[in-house]
Amino acid sequence: MQQQPFNPRQMFQLKSKTLKKRISAYYAVSGNQDNVIKLVRVLQIHQVLGREERSKPCDEWILRLYLNGATETMKRYRYSFYDYFTEAEWRELLLCLFVELPRLGISISGDCLLSACRPFVIP
């Protein structure tokens, strides 16, 4: 079992800037994509709960990780990072993630997939 780089107290008491640096350093050492995705998701929650301005934490890492190939954990968290991608990148990502519907065994087109998989966004 791999040890987590932060305890819960650190995740919610350190500043976002410090957490971004440490997450980047953690990924450079471990290369664990799944943990990085989870840590960035916690960082997003940290920003929503805190008084800091909302931004896209670690956006360059997320883009690189998703466009180089996604794991099952990354697929699970994909809608949390919708704002990180342009429309064209989002379409490409969905086509790469869902080339074939798993249960039905049928292929789908990009236009159908793009309209059906748009996340619900609260204004």
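One is the number of the first residue; the rest follow in order along the sequence.
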**Item:** Chi angles and distances behind the side chain to side chain contact (heavy atoms under 4.5 Å, CB included) call for Tyr27, Leu65
**Value:** CA-CA 11 Å; Tyr27 180 68; Leu65 290 174; 3.4 Å; yes
**Message:** Nearest 0.5 Å, please: how far is CD1 in Ile37 from NZ in Lys75?
**Reply:** 13.5 Å
**Prompt:** Between atom CG of Leu97 and atom CD of Glu72, what is the distance when rounded to the nearest 0.5 Å?
**Reply:** 9.5 Å
**Asked** Between Arg22 and Leu19, is there a donor-acceptor pair closer than 3.5 Å when you use the side chain of the first and the backbone of the second?
**Response** no
**Request:** Using modelled atom types only, decide if a donor and an acceptor are shared between the side chain of Gln44 and the backbone of Ser80 within a distance under 3.5 Å.
**Result:** yes
**Message:** Taking the side chain as everything from C-beta on, heavy atoms only, tell me whether Leu93 gets closer than 4.5 Å to Tyr84.
**Reply:** no
**Asked** Does the side chain of Leu63 reach to within under 4.5 Å of the side chain of Phe81, using non-hydrogen atoms?
**Response** no
**Asked** What is the ring orientation for Trp90 with Tyr79, classed by angle as parallel under 30°, tilted 30 to 60°, or perpendicular over 60°?
**Response** tilted
**Item:** Distance, nearest 0.5 Å, that separates CD1 of Ile62 from CG of Asp83
**Value:** 12.5 Å
**Fill in**
So the side-chain hydrogen bond (donor to acceptor under 3.5 Å, both in side chains) pairs with at least one residue in residues 58-68 (sequence neighbours excluded) are Ser24-Trp61
**Message:** Hydrophobic clustering (ILVMFWY, side-chain heavy atoms < 4.5 Å, transitive) - are Val42 and Leu49 grouped together?
**Reply:** yes
**Asked** From Asn35 CG over to Tyr26 OH, what is the distance, rounded to the nearest 0.5 angstrom?
**Response** 4.0 Å
**Complete:** The reported gap from CG in Leu43 to NZ in Lys20 (rounded to nearest 0.5 angstrom) is 6.5 Å
**Prompt:** Lys21: what forms a salt bridge (charged side-chain N to carboxylate O under 4.0 Å, His left out) with it, not counting sequence neighbours?
**Reply:** none
